[in-house]
Each structure stands twice: as C-alpha cells, then as structure tokens.
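To keep things clear, I will list the structure first and then write my remarks on it.
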Protein chains: 2
Amino acid sequence: MPQTFFTPGPAALYPTFEKHLKSFVDRQLGSVSHRSQQYRDLHKFTVEQLRTLLSVPETHQILFLGSASEAWERILLNCVEHESFHLVNGSFSQKFRDYGDALRKYTHTFEKPMGEGFDAATISAPEYAELICTTHNETSSGVQMQVADIHKLKNKYPDQLLAVDMVSSAPYPALDYELVDTAFFSVQKAFGMPAGLGVWIVNEKCLAKAERLKKNDRLTIGAHHDLPTLWKFAQKHETPATPNVLAIYILGKIAEDFNRIGVNQMRKETEYKAGLLYNFVRKHSNFEAFVKEARWQSQTVVVANTKMDSPAVIGKLKEKGMVIGSGYGEFKASQVRIANFPATSVEQTESLVKAMEKLG
Amino acid sequence: MPQTFFTPGPAALYPTFEKHLKSFVDRQLGSVSHRSQQYRDLHKFTVEQLRTLLSVPETHQILFLGSASEAWERILLNCVEHESFHLVNGSFSQKFRDYGDALRKYTHTFEKPMGEGFDAATISAPEYAELICTTHNETSSGVQMQVADIHKLKNKYPDQLLAVDMVSSAPYPALDYELVDTAFFSVQKAFGMPAGLGVWIVNEKCLAKAERLKKNDRLTIGAHHDLPTLWKFAQKHETPATPNVLAIYILGKIAEDFNRIGVNQMRKETEYKAGLLYNFVRKHSNFEAFVKEARWQSQTVVVANTKMDSPAVIGKLKEKGMVIGSGYGEFKASQVRIANFPATSVEQTESLVKAMEKLG
C-alpha cells in the first residue's frame, strides 16, 4: 500500500514528480552533455522558474550545490574572512555555527533553547561579524523566524551580510531579496523531490566579498564550488562540474507547477493546513504544540509534545498508511514532527487529523 | 528516435537503469528517512556491491559525495597539510592540481603534453609531497596510466599517500587497494547513470592523517564532508547530510548487475570493444589514434584525430542515431572522443564502426 509521508524530509514526493521523471527518461536527458545548448536551455528554464516563484531579482544568482549542508560551508568560506554571527535555536542552526568553527572562523552565537525563536528587537549583532546567519525554519524544533523580523534585522545591520537558511520552508517565506544577501534550500522538503540537490541564492555583494577573499593567499574560499567560479558558469547557464541534471530538470518542472498555482495561493494553502494541525494539537488532550508563541510556530513543520508514547502514535498512523516524523534528538520519544509541505493536500491533512483524533 | 550515446559523460544509461528507477519509485524510496533502518540497509547493500566489484578491502571505506570534482577537494583538504604532487597530462589532472592551489597547498607538478602518459620509472616524487595524485584515465585526451605503473609508483614511494582519479574508467582498472590509499569516480561514466553522485574510496591512513590535521587549529579540513565525519557515519551505513538516495540505490543495483556478469568478464568485454575502435581508427585513412603509445591508449575513452571536419562526423553519425563526443578544448574541431563504457554493447560498437566506415 502506498503511504502518505508527512515526514520533514525526505518527505512526500510532489504529485507531478513521477510525470516529470518519466519525461526526463523519455527525452534521454540523463545522457545529455552538460556543455550542450540542450543542457543550457534546461538550466536556464529551472533558474527562471525559481526566480519567478521566489521573486529573486537580477542582483542575485541562483546556483546549484550537492545539498543545503554544502551551502552552509560555501557561504562561510566565501563570505566570511574572520567572524560570523549565528542565531542558534536547534540542531540545524547549530550545525551552521559548527561549520564556521570547523572552517576556523571566529563564530559568535546568540543561543535560545529548543522551541523558542528570535525577534529582531532582541538581537544584537557583534560589530565585527561580517555575516549574520539566520534560520527561517528550524526543522528540529518547528520554530520559524518571522519574515518581517528577518527584514528588520537587515535594516538594523545594513552593512553586514545576511544569510537565511530556508531549507525546510521555501517557497513559503516571502523574502524580500533587497534585504537578504543569501538564502538556500534543499529539494527534498517543500519541493517534494528526492534528496541530492541544494539551491543557493546569492547576491553581488557576496560575490564581491568572495572575489576579494580569493585574492588573499593566506586564505582559501574553497576549490570546488567557490562562488566566483559558480557565478561565472551560471552566467552561461552552466555549472563548473557535471551537475545533477535529473534533479535540476525536475526542480524546474515542479517550480513551473507551483507558478501555475501561484505562490500566494500556495502560501495560503500552507497556512490553512498548518491551521488544521495546530488547531488539532491545541484541542486534543494527548497533544500540545511544542512551540508556545504563535509567531514562532512553523507553518511547514509542526512539532507537538505527545502524552502518549510517540513511537506508538507513529506506529498506529503507519498502519493507516500515514507516516509522520519522530521528535529530533532528545525529543525523539516525546514529540512528533509533522511536515506540512505542498505535496500533502488539504484532504490528506484532514485525513491525518481524523486518524490522530481516533488514537484515543 | 532514441539515440545511442557514445559520449564520455554524461554517457549512455545502463540498460537496467530504467528498471531500477521504477523500483525506486514503486517502493517510495524517495521519501524514506536517511536515519531509518530501511535507508541503512540500502546504503550497506550499495557499499557491499561496490566492495565486491572493485575488491576493496575492509581497510578502506566507501563514501558518497556530490561529484568526483568534490572528491578532489576533500582529498586535498583531508590528506595534505602542506604539499601535494600532481601528474598532469590533460584538463582533469590539471583541475586536480588547480584545486590544490586554490586550497593554498604547495603543489608540485610533473607535466606532459596532451596525448602522452606516465610510466612509474620516469616519475620522481618530491620528498616533502604528502600525496601523489594520479589520473588513471584522463578523459580529455584518452590517455590511461597502466595499473601496474600506479602500483609501482606506490612501491617506489611507500610513505607517501597515493590517490587515483578513476572517474571515467572504474570499474575497469583492477587496482590493488593495498597499494592505493584513495581513489574516486563518478556515476555518469562507466556506471551508466545520470550525474549527481561521486564515490570516494579511502583508507585508514588517510583517515589518520585527516584526524591529525583536524587537531591543528591553524588549518581547516573543511566542514561539510570532512573525512573523519564521513567515516564515522559510514560505519553505521549513513551519511552526515541527507544523501542522494536515488543515485545510491541505483548504483547498488547496477553494481549488483555488474557482479552478476563478473568484473573480469566486463573488463574483457571493455578491452574487446576498445580493440574494435582502435583497430578501426588505425585502418581508416580519415582517422588516427591521438594517443600513439599502445600502453597509454585508454580502454574506456577512445580519442581520434579526424581528417574530416569533426563536427561533420558527429553530425552524420547523429543522423543515424549515434552520438559521439567532440574533442576537448583546443581539439574540439579536430578530434572525436568515443566512450567505451559497459552500457554500450559489442553489437552497438560494431554498428558504430560500420557507420564510421561509411562516412567516406
């Protein structure tokens, strides 16, 4: 029996995925040279669809990496000479910071407990931090940062670069790229694809910084996927190394599907489905939202404390063909995580809520 | 009309590719958690099939990266503190060296012109080079290094680490991993898959070196995909970040198909088909082998000078449903490159030769 995945990544595949995969195979795109016009057209199409979907201006390039984790490394290597500043409130924002340490950057941290979020007003960025690293959606705890707070943060610190991890939320956050220097996501979350591709959106300010750092021979900005090289190839709709053509093709097709629906409509639907899920956990005595403050409650990954044993909850739902995620790390047995991505419909979300209501 | 790709990568897809892709979709493996037993079993299967196919001993781990280009970077970051030594005779061996420069290593180079190869006897490795970088098959020029010479080189310099780029030849070279510290390939060449996955084979000596370098806080071994972290996760059949599960699954299935045929049989067939191609270019007045010395003639990428305009050759074959590659870089218009990977059969190779004979 096919199962419906409400897991926070890898997640349910978008309903059109199989159709696009078939057309990739039928058109023999797996064998096409990545230095051919056919590839360049495909690459350009995907970038244009993403540009439309996310309202990315021409000041920003859209680049392809092996994963969003790779984006952490590339951003830190290319945009930070000495110091970065990290807002940490869960495992993934912490990994972004840990990458900074491993790359021998001096990392500043403003840390909050799991389940809590950040408001611009309470953030004070160190003077010498060259890059401020934010996480729009902390997948481990289900905490989001309000887009308005991300924008306020940049207005507060216009001279520092601002990075937004939107791995498990894009295309939901309506970021204004006038106020975001770089952002990134992976395709196995809200785009409903198998894992294996990271998307890196990055502006000319970051490029200028990387070009400056590249000239410093006491420092490396990396060799594979360094920003100036990626940018140069992107201008001709190519990548420096042979890319994951399959994923780039399908991403373009799914972004086109999203554009047909319209990103505003998709965002409204995301909020409506999130409402169904938060409403349920609020009402049901066996569950409660882990994130208390409504403004910090993620619209794309709903995390709930369970009074019942969470593996039992997960097991019972699985029998009904619905797969939800366990809590992250220390919360593995006491929480459930439910992804609310475009691939799961209103009807499927309603079915999940009904099945959870019947658990007892 | 479906075309037969004799291009050196992306290349023809292996005949079983579609079947395995379908089973990936049918089994909903695109949504499976990379922290689940189901994923660990899949990962373990692929590693075991590759271990069997390539006779990789337990002293070596088999790791997954975004591409083989990424392997260049990871090897240099993790295995070189100060100095590396590169045998350069084409664009890809040169890129390996360029990565060393970009990572601020001191790179030594022994360079030969395109079309020429290396014998162990004439190679003199600098005393302080920590790593010797060889390319088994230089995809740009169709030059191979004899496996026996690779082994002799290690015997000559047992205290230096030895790396083998076998991007466009694995599983053809019968490497003895007692004499190879690290090797790597990508899946869009002889494994007949779409691009998007690099495979990194690496031993405990490299790990020990990386662990030592990691303790040096004036140096970085990278943050994403650093060797100690990759190794730790590999021991539990996982990857640090969400991997390209689709490619890892299909690679395991194709490696299993290869093991059913037997690697020795596959190598013989490769040599037989290479013989057909070299025999043709030797006999035909419009073509000649670019690589003159038989011991350096690649068995997996045959490069020929053309007296006819090479774009015309490529165009005429394309009309007959056969796609061959152009020359690389400056040789684009004067050479053709013909991949000889397992995905193209003896019959298809014979058809290609016949079609080329008829060109005039």
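Just so you know, these numbers use all the heavy atoms, side chains as well, and skip hydrogens, waters and symmetry mates. Every value quoted in this text rests on a predicted model; they were computed, and no experiment measured them. A, B, ... follow the sequence lines: proteins, then strands. Residue 1 opens every chain.
- In this structure, the portions of A/P2 lying under 4.5 Å from any heavy atom of chain B include both its backbone and its side chain.
- Counting heavy-atom pairs closer than 4.5 Å to chain A, the top residue among B/L197, B/L219, B/V245 is B/L219.
- Ranking B/G66, B/A102, B/A195 against chain A, the residue ahead of the rest is B/A195, based on heavy-atom pairs under 4.5 Å.
- Per-residue heavy-atom pair counts under 4.5 Å with chain A were compared for B/G30, B/G100, B/A247, B/A223, and the maximum is reached by B/A223.
- For the set A/G9, A/A11, A/G198, the count of heavy-atom pairs under 4.5 angstrom toward chain B peaks at A/A11.
- For B/L246, the part lying near chain A is the side chain, with the backbone staying farther off; criterion is any non-hydrogen pair under 4.5 Å.
- Considering only heavy-atom pairs separated by less than 4.5 Å from chain B, the leading option among A/G325, A/P194, A/P240 is A/P194.
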Geometric donor-acceptor pairs, no angle filter, chain A-chain B, under 3.5 Å:
unit_1 : atom_1 : unit_2 : atom_2 : d
A/Q3   : N      : B/Q28  : OE1    : 2.7
A/Q3   : O      : B/Q28  : NE2    : 2.9
A/A11  : O      : B/S31  : OG     : 2.7
A/Q28  : OE1    : B/Q3   : N      : 2.7
A/Q28  : NE2    : B/Q3   : O      : 2.9
A/S31  : OG     : B/A11  : O      : 2.7
A/E73  : OE1    : B/R74  : NH1    : 3.4
A/E73  : OE1    : B/R74  : NH2    : 2.8
A/E73  : OE2    : B/R74  : NH1    : 3.1
A/E73  : OE2    : B/A223 : N      : 2.9
A/E73  : OE2    : B/H224 : N      : 3.1
A/R74  : NH1    : B/E73  : OE1    : 3.4
A/R74  : NH1    : B/E73  : OE2    : 3.1
A/R74  : NH2    : B/E73  : OE1    : 2.8
A/Y99  : OH     : B/H224 : ND1    : 3.0
A/A102 : O      : B/T220 : OG1    : 2.8
A/R104 : NE     : B/L219 : O      : 2.6
A/R104 : NH2    : B/K214 : O      : 2.7
A/R104 : NH2    : B/N216 : O      : 3.1
A/R104 : NH2    : B/L219 : O      : 3.3
A/Q188 : NE2    : B/T242 : OG1    : 3.4
A/K214 : O      : B/R104 : NH2    : 2.7
A/N216 : O      : B/R104 : NH2    : 3.2
A/L219 : O      : B/R104 : NE     : 2.6
A/L219 : O      : B/R104 : NH2    : 3.3
A/T220 : OG1    : B/A102 : O      : 2.8
A/A223 : N      : B/E73  : OE2    : 2.9
A/H224 : N      : B/E73  : OE2    : 3.1
A/H224 : ND1    : B/Y99  : OH     : 3.0
A/T242 : OG1    : B/Q188 : NE2    : 3.4

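- Of the residues considered (B/V323, B/V32, B/L65, B/I248), B/V32 shows the highest number of contacts with chain A, using heavy-atom pairs under 4.5 Å.
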